[in-house]
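Everything below concerns the one structure shown next.
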Amino acid sequence: MTSIEMIVAARARLRGHARRTPLLSSPFIDELAGRRVFVKAECLQHTGSFKFRGGWSAVSALDSAVRAHGVIAFSSGNHSQGVALAAKLHGVPSVIIMPSDAPKLKIANTRALGAEVVLYDRATQDRDAIGAKLSGERKLTLIKPFDEPQVIAGQGTTGLEIAEQAEEEGIKAAEVLVPCGGGGLTSGIALALEASAPTFRVRPCEPEGFDDTTRSLASGKIERNAAMTGSICDAIITPQPGNITFPILQRLAGPGIVVTDEEALRAMVIAFVRLKIVVEPGGAVALAAALFHGDEMEEDNVVVVTSGGNVDADIFAGALARHG
């Protein structure tokens with residue numbers, strides 16, 4: 001299981017490789033939200049997503065002889081790019097299994113980072129089975145997107161930075177809103193804050209219709225999504241919470257917050273206009289929660305993670321046309 005010691009060790013390995021992303025604010029956003037909102041801009045991380053942290057943490061933790069055979073990962077795009085870049089910088093091969101309906105930008109970027117991309121139909125094919133077959137044939141090490149202790153440790157370094165930056169801003173207590181798919185980022189941040197800012201509480205944020213974590217926290221057991229497609233928030237669509245991540249969230253997280261796709265698009269536009277950052281739909285759900293679901297929050301201060309910025313141009317242009 002991931003521990004604070006693993007998160008601190010991951011941070012040491014990430015030093016000089018990952019960016020310390022900024023904590024941004026805007027009086028316009030504060031006014032819209034009715035409280036102080038601080039935005040942790042992980043969309044400015046290498047590869048445009050927090051996923052580089054977990055990718056580097058996992059790849060760098062491997063024994064060098066094992067790592068030399070190469071790594072394999074499955075992802076709709078952001079984890080794939082994080083692992084592909086980490087593998088490239090370590091000089092080892094990577095194979096990435098991606099859904100065929102992933103954003104074209106993410107597929108192209110993953111290939112550009114030197115990975116071999118294997119596409120699959122997420123509605124009819126089992127990515128785990130595909131990954132297991134390729135791993136066995138080529139002696140590749142599987143880097144899971146969220147249910148992997150070293151990946152969670154890498155994502156948890158985001159939480160260490162939030163604690164430090166919040167202290168610099170004089171924030172004594174806050175709700176920390178995090179886009180949540182399988183829960184790797186959310187659980188990693190929760191573990192980091194438990195140790196470094198215990199008055200902060202993590203809140204998972206999800207798109208409507210794909211709120212497995214929110215439902216799981218409410219019922220006390222892992223709940224599964226009925227569908228695997230149907231939201232523009234592709235980056236955070238997963239079947240269910242992870243077996244490792246869910247117990248962490250069950251112990252440390254507050255109730256989940258569910259937003260609509262349209263709210264995510266509106267949040268993307270507000271982030272662009274007021275903060276001058278580009279955020280993808282899945283990466284904008286936490287900001288959407290802060291802006292449009294304030295009645296579900298108690299604290300006067302909210303830290304929002306914008307987890308990724310890898311959005312196709314047509315979706316971004318469409319959001320600007322509707323809500324700009």
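- Contact of the Tyr120 side chain with the Pro99 side chain is registered, since non-hydrogen atoms from C-beta on lie closer than 4.5 Å.
- The closest donor-acceptor contact from the side chain of Lys51 to the backbone of Pro145 lies under 3.5 Å.
- Aromatic pair Trp56/His90: ring centres closer than 6.0 Å.
- In this structure the side chain of Ile270 never reaches within 4.5 angstrom of the side chain of Leu275, judged on heavy atoms.
- Cluster partners of Ile171, by chain and number: Leu23, Phe38, Phe50, Ile162, Val176, Val178, Leu185, Ile189, Leu193, Phe200, Val202, Val303, Val305. The rule joins Ile, Leu, Val, Met, Phe, Trp and Tyr whenever side-chain heavy atoms lie under 4.5 Å apart.
- Salt bridge status for Arg201 with Glu175: present, with a side-chain N to carboxylate O gap under 4.0 Å.
- A salt bridge links Asp234 to Lys106: at least one charged side-chain nitrogen sits closer than 4.0 Å to a carboxylate oxygen.
- The pair Arg274-Glu31 does not meet the salt-bridge criterion, since no charged nitrogen lies less than 4.0 angstrom from a carboxylate oxygen.
- The CD1 atom of Ile152 lies 9.0 Å from the CD1 atom of Ile7; values are rounded to the nearest 0.5 Å.
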Steps toward side-chain contact (heavy atoms from CB on, under 4.5 Å) verdict (Lys144, Val151) | CA-CA 8 Å; Lys144 295 180 181 179; Val151 168; 5.9 Å; no
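- Between Ala192 and Leu160, the shortest heavy-atom distance links the atoms CB-N, 3.7 Å.
- Rounded to the nearest 0.5 Å, atoms CD1 (Ile232) and CG (Asp261) are 4.5 Å apart.
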Salt bridge (Lys or Arg N to Asp or Glu O under 4.0 Å) between Arg35 and Glu299, worked out | CA-CA 8 Å; Arg35 52 177 40 87; Glu299 295 289 347; over 6 Å; no
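- Between Ala284 and Ala264, the closest heavy-atom pair is CB-O, 3.7 Å.
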Derivation of the side chain to side chain donor-acceptor pair (under 3.5 Å) call for Ser216 and Lys221 = CA-CA 5 Å; Ser216 298; Lys221 61 180 182 180; over 6 Å; no
Apply the test side chain to side chain donor-acceptor pair (under 3.5 Å) to residues Arg13 and Gln150: give CA-CA distance (whole Å), side-chain angles for both, the deciding distance (0.1 Å), then the verdict.
-> CA-CA 11 Å; Arg13 297 197 305 278; Gln150 287 295 354; 3.1 Å; yes
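- Minimum heavy-atom separation, Ala123 to Asp121: N-OD1, 2.8 Å.
- With Arg19 contributing its side chain and Leu44 its backbone, the two residues share a donor-acceptor pair below 3.5 Å.
- With respect to Arg203 and Glu298, no salt bridge is recorded, no charged nitrogen being found less than 4.0 Å from a carboxylate O.
- Residues Ser135 and Leu142 share a closest heavy-atom pair of OG-CB, 4.3 Å.
- The 12-atom threshold is not exceeded at CD of Glu167, counting heavy atoms of other residues, nucleotides or ligands nearer than 6.0 Å.
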Check the pair Thr141, Arg67 against side chain to side chain donor-acceptor pair (under 3.5 Å), reporting the backbone distance first and the verdict last.
-> CA-CA 7 Å; Thr141 298; Arg67 186 169 58 227; over 6 Å; no
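- Between atom NZ of residue Lys88 and atom CD of residue Gln81 there is a gap of 12.0 Å, rounded to the nearest 0.5 Å.
- Among all heavy-atom pairs drawn from Val279 and Ala271, the shortest one is CG2-CB, 3.9 Å.
- With hydrogens and angles ignored, the 3.5 Å screen pairs no side-chain donor or acceptor of Ser57 with any backbone N or O of Gly54.
- Looking at His79, its side chain never comes within 3.5 Å of a backbone N or O of Gly55 through a donor-acceptor pair.
- With hydrogens and angles ignored, the 3.5 Å screen pairs a side-chain donor or acceptor of Lys276 with a backbone N or O of Val273.
- Taking CG of Leu191 as the reference point, atom CZ of Arg251 lies at 6.5 Å (rounded to 0.5 Å).
- A distance-only check finds no donor-acceptor pair linking the side chain of Asp212 to the backbone of Arg224 [under 3.5 Å].
- Other residues, nucleotides and ligands place no more than 12 heavy atoms under 6.0 Å from the CG atom of Asp300.
- Ile96 approaches Ala115 most closely through the heavy-atom pair CG1-CB, 3.6 Å.
- A donor-acceptor pair under 3.5 Å is absent between the side-chain atoms of Asn225 and the main chain of Gln240, judged by distance alone.
- Atom OG1 of Thr157 is separated from atom CZ of Arg53 by 4.0 Å, given to the nearest 0.5 angstrom.
- In this structure, Asp312 contributes its side chain and Lys104 its backbone to a donor-acceptor pair below 3.5 Å.
- Ring orientation note: the planes of Phe272 and Phe316 are nearly perpendicular, at an angle over 60° on the 30°/60° scale.
- Using a 4.5 Å heavy-atom threshold, the side chains of Pro204 and Leu217 count as touching.
- No salt bridge links Glu262 with Arg266; every basic N to acidic carboxylate O contact stays at or beyond 4.0 Å.
- Hydrophobic clustering (side-chain heavy atoms under 4.5 Å, transitive across Ile, Leu, Val, Met, Phe, Trp, Tyr) groups Ile130 together with Leu140.
- The pair Arg20-Glu42 fails the salt-bridge criterion, with no side-chain N (NZ, NE, NH1 or NH2) lying under 4.0 Å from an Asp/Glu carboxylate O.
- We find the CG-CD distance between Asn78 and Gln45 to be 11.5 Å, quoted to the nearest 0.5 Å.
- Salt bridge Arg11/Glu164: present, at least one basic N to carboxylate O contact under 4.0 Å.
- Judged purely by atom type and a 3.5 angstrom limit, Thr245 has no side-chain atom pairing as donor or acceptor with the backbone of Gly183.
- Within the 3.5 Å criterion, the main-chain N or O of Thr260 finds no donor-acceptor partner in the side chain of Glu208.
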